[in-house]
*Asks:* 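Before we start, here is the structure in question, set down as structure tokens.
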Amino acid sequence: MNDFRIPIGSWVESFVEFITDTFGFIFDLVRAGFDGAYEAVEFLLGAPPFWAIMLVLGVLALGIRGWKFAVGTVVGMVVILGVDQWDNAMDTLALVLVASVLAIVISVPLGILAAKSTLASNIIRPVLDFMQTMPAFVYLIPALILFRIGVVPGIVATIIFAMAPGVRLTELGIRSVDKEVVEAGQAFGASPWRILRQIQLPLATPTIMAGINQVIMLSLSMVVISGLVGAGGLGAQVIASLNRIDIALGFEAGLAVVILAIFLDRITASLGSSDSGGFFGSIRRVLRSRRVTDAVAFAPDTNPAPAPQRARV
Amino acid sequence: MTESNPLQETIAVKADHLYKAFGRRPHEIVKKLKAGKSRADISSLGVAAVIDASFEVKKGEIFVVMGLSGSGKSTLIRMLNGLWDTTSGTVTVGGTDITGVSAKELRDIRRKSISMVFQHFALLPHRTVIDNVAYGLEIQGMGRAERLAKAQTIIDLVGLAGWADNLPSELSGGMQQRVGLGRALAADTDVLLMDEAFSALDPLIRREMQEQLIELQAALGKTIIFITHDLNEAMFLGDRIAVMRDGRIVQIGTPEEILTDPANDYVAQFVQDVDRARVLTAVSVMEPVRSVITKTAGPRAALHTMRDLQTSVTFVLNRDRSFAGIVRDRDVLKLVKAGETDLRGIIRDDATSVSPETALVDLVEPSVESELPIAVVDEKNRLLGVIPRVTLLAAIGNVSTNTGALPIVMPPATISVSQITEILGETADDTQIDAAGVHA
Ligand SMILES: Nc1ncnc2c1ncn2[C@@H]1O[C@H](COP(=O)(O)OP(=O)(O)OP(=O)(O)O)[C@@H](O)[C@H]1O
Ligand SMILES: [Mg+2]
């Protein structure tokens with residue numbers, strides 16, 4: 001028994017080595033791209049004075065959920081500022097935004113694919129299971145080797161870790177759209193693409209948004225862990241406090257993470273719910289009022305992209 | 001799409017030995033069914049929802065598929081526009097075999113030729129009523145203003161004026177059903193598939209919609225395949241009815257054929273409590289005319305007929321065999337006694353004449369008002385048959401009668417046979433009269 005050993009670990013290691021050697025240039029490209037995206041977002045959030053960012057976030061909160069949430073947001077931001085974690089928080093926010101946008105951009109189409117094809121679903125599902133249950137730290141190791149130290153391995157590990165619910169809930173949302181409604185589309189001769197665009201996606205939106213909410217929350221937790229590989233931000237503070245057994249710093253950085261988490265969760269959660277002033281409901285209301293006032297306007301056949309206006313609660 | 005056989009042009013939809021099985025291996029199920037196994041035999045393998053269904057629906061026809069819940073009606077209708085593949089068999093729409101065409105061609109056919117009303121409405125919940133109604137037009141590529149205008153007229157037609165900008169969830173079930181109907185009507189296809197399209201409506205609106213559908217059909221010449229489990233609806237709407245049971249079509253026929261000649265006990269039970277008075281028409285219950293003479297035959301011939309048939313009334317036809325009226329025995333007797341030879345003076349028109357398509361329900365009143373049988377005449381006013389009161393009552397009550405018994409068919413004689421014979425003997429000889437022509 002003692003002699004029996006399956007060297008999966010070293011296989012994976014050689015595989016990663018092989019990839020690094022052969023496709024190194026690709027990873028360099030990806031690294032440059034992700035780095036650039038992060039720098040840009042980080043600049044947007046970090047360059048303006050704190051009060052400007054606070055104002056923007058407060059208005060966003062007001063528009064999406066109402067004045068109570070706006071006040072809560074501003075208070076939370078003031079606390080972050082007060083514990084001297086503002087810059088770190090903005091770095092982390094930038095990481096979360098970049099990683100979750102990329103995760104969403106990958107996971108939603110994958111979810112659509114899985115919903116449309118049972119074969120794809122059967123392949124994707126176990127892969128997602130694997131990605132979700134593998135301890136998060138493990139992703140950091142190959143990511144570190146492939147992308148070297150910095151924000152990029154953190155972003156990559158975050159994308160992989162956070163993607164799963166985006167794929168799953170998109171698939172679930174589309175699959176649970178009333179079959180007869182989809183059949184109605186088919187019965188009138190709509191193409192699969194049109195049915196996806198005009199029936200399945202709009203009706204699956206609440207579920208997809210719940211998935212997106214999960215993606216963002218998971219991103220936040222992973223971004224903190226990425227502090228280990230030099231991703232900076234609040235994660236780096238948490239790691240530093242761990243190394244120094246610095247309770248005060250640890251708590252303050254942790255508190256900032258919690259405040260960010262609550263803010264992101266509430267914002268994305270209300271985007272998903274279609275009732276009472278939700279994202280979807282407000283789009284609909286805007287569209288309807290537009291038709292009433294402007295009945296002969298020629299609108300394109302598609303549902304217009306999400307309108308910038310948002311109704312209050 | 002091209003028509004080679006001109007005969008086929010009159011066939012809008014054709015189903016040829018359709019099978020649909022649900023289960024792991026549907027083809028195996030169908031193979032077993034074709035080998036003669038019953039639906040119960042294959043129940044361990046899956047469900048045979050439709051078994052060997054064949055029929056042809058003519059252009060402009062309302063073809064009703066009727067059957068109890070679970071008999072496979074919705075499955076059948078979904079195969080007719082290719083929403084569900086057939087496990088075996090072919091469907092032809094407007095001359096094109098849709099079971100073999102590409103997805104794109106199938107979409108084309110659905111856009112242009114065949115639309116559908118769904119049992120559970122299947123409206124797009126995130127679109128307003130008018131956008132739902134305009135959906136088919138939108139897919140056909142019609143511009144927004146044009147399709148909204150057209151949708152608005154359809155909305156008015158189905159009685160939803162004022163609701164155009166509401167969401168389906170703000171409407172009652174019956175109103176949603178009408179949106180579904182409007183959506184199919186707006187698409188303006190030749191063939192309409194309607195899966196229990198009126199089942200969510202209350203009886204009054206339902207009747208109104210049924211009548212509207214028939215009017216619409218008459219005006220636009222649509223081919224309609226209508227599914228229902230309501231027999232009265234089937235009888236009212238259907239030019240022909242297919243009765244389904246456990247996946248099989250057990251009988252196809254006109255409402256009257258199904259009522260008067262059910263193929264088996266199942267159909268017979270099904271039709272037991274239908275409102276026969278609305279379904280059966282004069283032509284299906286009328287009896288041959290026995291007591292009839294031509295106008296030129298003269299009073300002696302009339303009297304002779306009435307004596308032989310023991311009636312007090314006989315029907316009179318013109319030379320061209322069109323219906324002229326009736327004569328009564330007393331009048332004829334007077335004429336004969338006076339030695340007159342012309343019947344014209346005593347022909348009365350108090351017998352009601354109706355067309356063959358008149359529903360029995362419309363015969364009740366005239367039948368009550370007069371003891372005379374109702375005359376059934378065609379469009380050239382030729383006498384086709386008569387409906388005595390007893391026959392009418394028997395038909396409505398679904399009682400079989402021995403209507404060969406003359407005394408109950410025609411008003412019984414009021415003058416005794418011997419009296420008539422006596423008078424006939426006094427006035428002339430009989431051989432001449434017989435030659436004048438007594439018609440049955
Ligand atoms: N997708 C499916 N998978 C398995 N079985 C099905 C499926 N759809 C229908 N069936 C079965 O096929 C049979 C016929 O169903 P169908 O819906 O055609 O009946 P129906 O005549 O329309 O009934 P109803 O009047 O209740 O609408 C039923 O026994 C049903 O259980
Ligand atoms: Mg059904």
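Numbers restart at 1 for each chain; the letters A, B, ... are given by sequence-line order, proteins then strands.
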*Asks:* Apply salt bridge (charged side-chain N to carboxylate O under 4.0 Å, His left out) to B:Arg127 and B:Glu138, showing your working.
*Replies:* CA-CA 13 Å; B:Arg127 290 183 162 216; B:Glu138 180 181 337; 2.8 Å; yes
*Asks:* Per the side-chain hydrogen bond (donor to acceptor under 3.5 Å, both in side chains) rule, which among A:Arg175, A:Arg194, A:Lys116 passes with A:Gln200?
*Replies:*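 With A:Gln200 as partner, side-chain hydrogen bond (donor to acceptor under 3.5 Å, both in side chains) holds for just one option, A:Lys116.
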*Asks:* Taking B:Thr228's backbone N and O only, do any of them form a donor-acceptor pair with B:Lys73's side chain (distance below 3.5 Å, no angle check)?
*Replies:* no
*Asks:* Passes side chain to side chain contact (heavy atoms under 4.5 Å, CB included), B:Ile109 versus B:Ile98? Steps please.
*Replies:* CA-CA 8 Å; B:Ile109 290 168; B:Ile98 66 159; 3.8 Å; yes
*Asks:* Under a 4.5 Å cutoff for heavy-atom pairs, which residue among A:Glu183, A:Gln186, A:Lys179 has the most contacts with chain B?
*Replies:* A:Glu183
*Asks:* Which region of B:Leu106, side chain (C-beta onward) or backbone (N, CA, C, O), has a non-hydrogen atom less than 4.5 Å from a non-hydrogen atom of chain A, or is it both or neither?
*Replies:* neither
*Asks:* Check this for me, if you would: do B:Asp190 and B:Lys59 make a salt bridge, where the nitrogen-to-carboxylate-oxygen distance has to be below 4.0 angstrom?
*Replies:* no
*Asks:* Just checking heavy atoms, which of residues 75-91 of chain B are less than 4.5 Å from chain A?
*Replies:* B:Arg78, B:Asn81, B:Leu83, B:Trp84
*Asks:* Would you say A:Met163 and A:Met131 make side-chain contact, with heavy atoms under 4.5 Å?
*Replies:*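 Side chain of A:Met163 against side chain of A:Met131, heavy atoms only: contact under 4.5 Å found.
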*Asks:* In terms of heavy-atom proximity below 4.5 Å to chain A, should B:Phe121 be classed as side chain, backbone, both, or neither?
*Replies:* backbone
*Asks:* Non-hydrogen atoms of chain A under 4.5 Å away: do they reach the side chain of B:Leu123, the backbone, both or neither?
*Replies:* backbone
*Asks:* Do you know which of B:Met116, B:Arg183, B:Arg110 makes side-chain contact (heavy atoms from CB on, under 4.5 Å) with A:Phe188?
*Replies:*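 It is B:Arg183; the other options fail the test.
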*Asks:* Would B:Phe55 and B:Phe63 count as a close aromatic pair, with their ring centres under 6.0 Å?
*Replies:*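 Here the rings of B:Phe63 and B:Phe55 have centres that are less than 6.0 Å from each other.
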